[in-house]
Amino acid sequence: MTLKAIKYENGKLEVLDQLLLPLQTEYVNINGVEDGWHVIHKMQVRGAPAIAIVGCLSLAVELRKEIFEDKKILRQEVEGKLNYLVSARPTAVNMKAAADQLIELVNELDKNNSFTAEEMKLRFLDAIEAMLQKDLDDNLAIGRVGADALISQWPGDAQLRVLTHCNTGSLATSGYGTALGIIRNLHSRGVLEHAYCTETRPYNQGARLTAYELLHERIPATLLCDSMVAALMRARRLAAVVVGADRVAANGDTANKIGTYQIAVTAKHHGVPFFVAAPMTSVDFSLPSGEHIVIEERPEREMTYINGHRIAAPGIKCWNPAFDVTPADLISGIITERGLFKPAELLSQRQVPTESS
Ligand SMILES: CSC[C@H]1O[C@H](OP(=O)(O)O)[C@H](O)[C@@H]1O
């Protein structure tokens, strides 16, 4: 049973407060989009897919409480609140992509005179609530595709040692995870020798969240400081690095948690295949390359304090980008629910419609 970052039932939404993990397990009630915006912005919930799901569900919670008689008012309220939710964190594309799709839906429903305002609202709510299962289905598919890919490029029947960065598991999605889902799948097949997770300063998604998920399921794992990746690759032959993504550009350049780029450079130097695992909802075909991706900068306090204790010299200037961009030429493959693609092959998926759940 994997950890649940998101609990949603009959219009009630709760999110696991990830700022308190792993030592405290507390759920936060989400009563509307204001709550949704704040838990995303403060990173009480995080992870590209989870951000989109929680953001949209926070709108669903709010709409369920209202009765609408005017379709135009419903459409305007939906558009305004979705665009507000997109502003909570700028780099991950999933919330923006979901907002665009839902705004397109609500405009279609508004123009369709066979629907009353309440029927339009119910159709809209169904589309939002379907995101949970769609994301889980995508993650299970990514797990299968990714495990097949890693096994096929690893000689013989030797077990695999895999490194991952940040947290891309059940705590970043609706369940199972993306890159961590591949590690779960390898473990379930009995072919994972060991997983290595980096602490992922300064938010410590690896030390606090990924390590927690791996221990929770008794998956053999070792925690590394971010500075230890090169030494590990020199000491142990890794089968692959697999990481998540916040926004993949059309050419395969990938924005992911800060530190991903230097792991990719290190992997290239050591001849370790480097894979990105992401659902197609994380691909932004409107961006030709990664140079156009907006990189969120977070407050310096997130670097200079741990649990309220200052760890850096008072007064030192800080730079705290939450993401970096790994160029496509450092990426061996992009693992999606539709299959494994080389970065240059990704564009072939641009017009392929996403199956509804
Ligand atoms: C499947 S999660 C994708 C992505 O999101 C994480 O960022 P954050 O924890 O700041 O939301 C990290 O970059 C993961 O790889």
Side-chain angles (χ1 to χ4, degrees), residues 4-18 26-90 92-138 172-175 279-282 353-357:
K4 278 184 83 65
I6 305 165
K7 284 183 180 175
Y8 180 75
E9 205 161 353
N10 302 324
K12 180 174 168 51
L13 175 61
E14 294 175 285
V15 298
L16 184 55
D17 184 344
Q18 299 189 28
E26 285 184 28
Y27 282 86
V28 178
N29 270 316
I30 306 298
N31 296 307
V33 295
E34 283 292 333
D35 290 348
W37 191 94
H38 282 99
V39 291
I40 291 167
H41 186 70
K42 289 193 294 184
M43 295 181 66
Q44 287 174 281
V45 63
R46 30 64 50 199
I51 287 168
I53 292 166
V54 168
C56 294
L57 285 176
S58 74
L59 176 56
V61 166
E62 206 167 296
L63 294 177
R64 272 173 164 269
K65 297 172 193 170
E66 294 181 52
I67 301 292
F68 289 88
E69 286 162 9
D70 185 317
K71 293 172 73 171
K72 296 252 175 300
I73 290 174
L74 173 56
R75 174 175 57 78
Q76 287 163 355
E77 181 166 333
V78 160
E79 287 186 5
K81 290 181 173 178
L82 285 170
N83 288 324
Y84 168 66
L85 287 161
V86 170
S87 70
R89 290 190 71 195
V93 67
N94 306 56
M95 182 65 233
K96 176 72 168 71
D100 289 349
Q101 280 183 4
L102 289 168
I103 288 170
E104 188 179 335
L105 171 64
V106 82
N107 276 281
E108 284 168 12
L109 293 170
D110 182 20
K111 290 176 193 145
N112 186 329
N113 296 323
S114 60
F115 291 115
T116 66
E118 273 303 294
E119 287 165 342
M120 174 175 161
K121 184 185 86 174
L122 293 175
R123 289 285 181 109
F124 183 74
L125 292 177
D126 288 347
I128 289 178
E129 292 168 0
M131 290 173 71
L132 277 161
Q133 188 60 48
K134 171 73 170 58
D135 183 55
L136 182 57
D137 292 344
D138 287 351
T173 64
S174 70
M280 291 307 291
T281 50
S282 297
T354 302
E355 295 96 52
S356 55
S357 65

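Hydrogens, waters and symmetry mates are skipped; everything else that's a heavy atom, side chains included, is used. Since we're looking at a predicted model, the values are computed, not measured.
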Worked verdict on D35 versus N29 for side chain to side chain contact (heavy atoms under 4.5 Å, CB included):
CA-CA 8 Å; D35 290 348; N29 270 316; over 6 Å; no
Derivation of the side chain to side chain contact (heavy atoms under 4.5 Å, CB included) call for K71 and L109
CA-CA 9 Å; K71 293 172 73 171; L109 293 170; 5.7 Å; no
Salt bridge between R123 and E108, side-chain N to carboxylate O under 4.0 Å?
no
The criterion is side chain to side chain contact (heavy atoms under 4.5 Å, CB included); which residues satisfy it with E66, sequence neighbours excluded?
E62, F68, E77, K81
Working to the nearest 0.5 angstrom, can you tell me the gap between S58 OG and L85 CG?
4.5 Å
Could you report the tightest heavy-atom contact between V86 and A99, atom names first, then the distance?
CG2-CB, 3.8 Å
Does the distance from a Lys or Arg side-chain N to an Asp or Glu carboxylate O, for E118 and K121, drop under 4.0 Å?
yes
Working to the nearest 0.5 angstrom, can you tell me the gap between M120 CE and K111 NZ?
10.5 Å
Distance-minimising heavy-atom pair for Y84 and W37
O-CD1, 3.2 Å
For a side chain to side chain contact (heavy atoms under 4.5 Å, CB included) check, start with the C-alpha distance between I51 and V45, then their side-chain angles and the critical distance, and finish with the verdict.
CA-CA 7 Å; I51 287 168; V45 63; 5.6 Å; no
Closest heavy-atom contact between L82 and M95?
CD2-CE, 4.0 Å
Look up atom CG in N94 and atom NZ in K96, then write down how far apart they are to the nearest 0.5 Å.
12.5 Å
Of the options E26, R46, Q44, which is the one that meets Q18 in a side-chain hydrogen bond (donor to acceptor under 3.5 Å, both in side chains)?
R46
Where is the tightest heavy-atom contact between T116 and E119, given as atom of each residue plus distance?
N-OE1, 2.8 Å
For the student: nearest non-hydrogen atoms of I6 and S174, plus distance:
CD1-CA, 4.5 Å
Are N31 and K65 close enough, and set up right, to give a side chain to side chain contact (heavy atoms under 4.5 Å, CB included), and what steps lead you there?
CA-CA 10 Å; N31 296 307; K65 297 172 193 170; 3.8 Å; yes
Donor-acceptor pair, D110 side chain versus V106 backbone, under 3.5 Å?
no
